[in-house]
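Heads up, the thing below is written out as structure tokens.
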Amino acid sequence: MTAPAKRSLLVTSALPYANGAPHLGHMLEYVLTDIWVRFQRMRGHDCLFIWASDAHGTPIMLKARQEGITPEQLIERVGAEQRRDFGEFDISYDNFHTTHSDENREVTYEIYRRLVAGGHIRRETIVQAYDQQARMFLPDRYVRGTCPRCGAIDQYGDSCEVCGATYTPADLLNAVSVVSGTAPVQKESEHLFFKLGDFEPMLRAWTGGDRLQSAVTAKLGEWFGAGLRDWDISRDEPYFGFEIPGETGKFFYVWLDAPIGYLSSLLQYCRRTGRDFEQYWKPDSDAEVYHFIGKDIVYFHTLFWPAVLAGAGYRPPTSVFAHGFLTVNGLKMSKSRGTLISARNWLDHLPAEYLRYYFASRLGDGVDDLDLNLDEFVAKVNSDIVGKLVNIASRCAGFIARGAAGKLASTLADASLQQEFAAAGERVAALYEGRDLAGAMREIMALTDRANLYIDQQKPWLMAKDPARAAEVQAVCTQGINLFRVLAVYLKPVMPKLAAGAEKFLGLPPQAWADAAMPLLGTAINAYEPLATRVDPAAVKALLAASSESLKPSGVPQAAATTGAAVAAKAAAKPAQDAVKAAAKPAEPAAAPAQLSIDDFMKVDLRVARIDSAERVEGADKLLRLGVDLGELGKRQIFAGIREAYEPAQLVGRLTVVVANLAPRKMRFGLSEGMVLAAGPGGQEIFVLAPDAGATPGMKVK
RNA sequence: GGUGAGGUAGCUCAGACGGUUAGAGCGAGGGAUUCAUAACCCCUAGGUCGGGAGUUCGAUUCUCCCCCUCACCA
């Protein structure tokens with residue numbers, strides 16, 4: 001095997017925003033980055049993991065104000081939480097700085113100076129929402145009001161979450177500042193713009209070929225097609241950030257100085273350690289620079305960021321690796337929905353290392369979202385790590401300790417099997433290198449199965465009954481332990497603690513990748529202590545309980561589905577407050593819904609409703625928008641997939657039955673706040689249920 | 001709406017530059033075993049590889065259309 005040439009790598013994760021403690025969505029990225037970094041180091045490369053806390057911007061300024069502390073106090077507190085949680089997740093970063101630092105100011109000013117000198121900055125007066133009471137310009141997200149297109153209330157100033165319309169805060173009806181609660185006015189201000197268009201040829205060249213993931217490349221094609229717009233990099237005071245030199249009352253937009261944190265954190269690290277900063281960022285650098293990011297910030301990292309670097313005379317990144325988002329039990333992580341699990345909460349209940357393994361077993365090179373299914377998590381860790389991997393050491397250790405005085409044999413029982421395991425090393429390494437961690441884990445687990453099978457076939461426990469065969473027992477178990485040793489090395493980037501435990505057990509120094517190729521013979525090993533213990537499902541339960549009052553189910557997939565069978569299946573599959581179990585169970589076939597208790601049934605709040613209005617929905621050929629009156633429960637809007645079966649006029653004034661406590665479902669056309677009951681296969685054959693005469697809106701159906 | 005990624009065994013997913021009986025892990029069922037943390041080993045999945053059409057000697061793998069899911073839209 002030829003030793004790969006020593007590479008010099010600089011790796012970053014996206015900078016976590018300093019307005020709150022990390023959650024599992026953050027950890028997905030940091031674990032992915034860390035596994036890759038640890039792998040590179042084990043391969044003998046020089047690999048730095050550098051990042052920082054993203055500390056500027058309006059949200060931090062306002063949050064600090066709300067808590068009655070200074071922004072500096074806030075970011076210091078959050079920064080400490082971040083460091084603590086990252087450390088306990090075994091994120092092996094070399095430096096974690098903050099963007100609110102002298103180094104970052106220094107680098108940001110220098111970059112800005114060069115951009116100005118290069119003619120890449122222009123001025124333009126724009127009109128923006130302004131809060132007269134708070135005396136500040138308002139970011140779009142800080143203005144809320146009624147969507148001008150669909151009429152949904154309480155929408156952000158840039159787009160409507162209900163109908164998807166995009167607009168400016170000035171278009172909102174009844175606009176209100178989130179800061180003061182007063183109506184904002186429109187006010188002019190001069191802003192500085194970074195001329196992104198100057199860099200189009202450079203960006204097209206840089207993003208071309210297969211430098212980036214295919215999904216990202218495709219997206220970039222779309223953006224190029226739409227044309228690159230200049231980028232507003234200034235904000236007016238009050239703002240928490242860096243003042244722009246030569247201007248009064250103007251600050252750099254947080255997104256300009258945030259990625260510069262990649263440089264400034266490295267700068268701080270280099271000054272502390274005596275390393276050469278320029279080596280990484282000079283235009284002709286031999287070093288490789290990689291940014292791991294979430295797919296939501298691809299635009300910043302593949303367009304703005306390389307362009308800013310180029311404009312300031314630095315080299316662009318070698319590549320940018322985007323990943324998808326994390327869902328938990330099929331639900332988006334959301335604070336408001338109570339589905340957010342903090343890193344701290346996880347650490348309080350479960351080992352970080354098990355989550356690292358689960359993430360690795362599910363992560364590929366794509367930008368698809370990843371679901372943390374906790375039932376699967378428990379099964380996977382217990383089976384793969386405890387039942388199979390650690391079991392190899394556990395089942396061999398006793399024989400070595402008892403029958404061989406704790407000493408390994410001096411030759412291998414099956415050298416070709418060892419060779420097979422060693423040869424797999426390059427295959428596994430290639431998968432790690434390409435960030436196909438799931439592929440690497442599959443490969444490792446296949447080897448693990450192979451090792452257990454070997455021991456099973458040799459049956460050392462039978463040999464051990466015959467004292468004359470003691471040497472054979474020792475040889476077989478030495479073989480088993482050597483196979484385990486190889487596996488522990490291959491898994492080390494993912495499970496560093498487990499690997500450290502294995503090293504201690506085997507009496508070895510910290511292992512590098514290449515060490516796996518050389519068998520361990522004739523040495524003494526230490527007494528075996530359990531290297532991993534099973535996950536107790538109760539710990540998962542406690543985790544979820546602590547995370548929130550409940551993991552509430554989100555809306556049903558399609559409010560348009562109105563057949564009776566679908567209603568029954570959904571009611572059975574979604575007992576409120578029990579989404580965890582529901583999500584893990586396979587859906588019952590519609591033809592034979594599971595039995596449910598009367599209590600379950602009573603969870604479905606069925607109500608008589610009067611259809612006050614019905615209209616076709618522009619752009620949806622199956623939906624009708626119904627306005628229904630639920631009596632004491634008030635009036636609701638419901639979208640029903642019955643357009644092919646009913647003319648709107650036929651429905652107005654009719655009574656029907658509605659599921660009143662169905663979680664509201666956001667549809668492209670508006671919010672659907674319930675479900676109308678109907679029977680039939682669909683299309684024109686849909687029959688809306690109706691109560692007999694005498695029923696009134698709001699009556700409970702039971 | 002635009003764009004992208006997908007729809008393969010109960011679940012999570014591999015895979016096939018088109019070609020004899022479509023795979024793995026988990027789960028489930030059966031068996032074996034007892035060294036090991038009720039672990040491990042063996043056997044069992046009869047799935048129209050989303051639907052339809054086309055190209056072809058032959059498609060689940062290519063093309064087109066449709067349906068559905070998910071994500072992104074500075």
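Within every chain, numbering begins at 1; the chains are lettered A, B, ... in the order of the sequence lines, protein sequences first and strands thereafter. FYI, side chains are in, hydrogens and waters are out, and symmetry mates aren't considered; it's all heavy atoms of this structure. All values reported here derive from a predicted model rather than from experimental measurement.
Residue contacts for N452(A): at a heavy-atom cut-off of 4.0 Å it reaches the sugar-phosphate backbone alone, with no base atom in range.
The side chain of K388(A) contributes no N or O atom lying less than 4.0 Å from OP1 or OP2 of C41(B).
Distances were taken from every side-chain heavy atom of L453(A) (C-beta onward) to each of C42(B), U37(B), A71(B); the shortest belongs to C42(B). If you check C70(B), A36(B), U37(B) against the side chain of R395(A), the one that comes closest is A36(B). Of all nucleotides listed (A36(B), C26(B), C35(B)), C26(B) comes nearest to the side chain of S383(A). Closest contact between the side chain of V386(A) and the listed nucleotides U12(B), C35(B), U37(B) involves U37(B). Considering only side-chain atoms of K295(A), the nucleotide from C41(B), U12(B), C72(B) that sits closest is C72(B). Distances from the side chain of D449(A) to the nucleotides A36(B), G25(B), U12(B) place G25(B) closest. Side-chain atoms of A215(A) lie closest to G4(B) of the nucleotides G4(B), C73(B), C41(B).
Straight-line distance between the C1' atoms of G30(B) and G18(B): roughly 38 Å, to the nearest whole Å. Nucleotides C42(B) and G47(B) have their C1' atoms positioned 23 Å apart, rounded to a whole Å. Across the C1' atoms, U3(B) and A16(B) are found 28 Å apart, a figure rounded to whole Å.
Between R442(A) and R229(A), the residue anchored nearer the 5' end of RNA chain B, judged by the nucleotide with its closest heavy atom, is R442(A). Nearer to the 5' terminus of RNA chain B, by closest-nucleotide assignment, is the contact made by A218(A) (compared with the other of Y528(A) and A218(A)).
For K195(A), the NZ atom is densely surrounded, since the number of other residues' heavy atoms within 6.0 Å is greater than 12.
The partner of G10(B), taking Watson-Crick or G-U wobble pairs whose two distances both stay under 3.5 Å, is C26(B).
In this structure, S319(A) contributes its side chain and R211(A) its backbone to a donor-acceptor pair below 3.5 Å.
Of the residues I35(A), V494(A), L498(A), the one that meets the side-chain contact (heavy atoms from CB on, under 4.5 Å) test with Y357(A) is V494(A).
Partners of F377(A) according to the ring-ring contact (aromatic ring centres under 6.0 Å, His included) rule, which considers only residues two or more places apart in sequence or in another chain, are W346(A), Y358(A).
Ring geometry for F199(A) versus F194(A): interplanar angle under 30°, hence parallel rather than tilted (30 to 60°).
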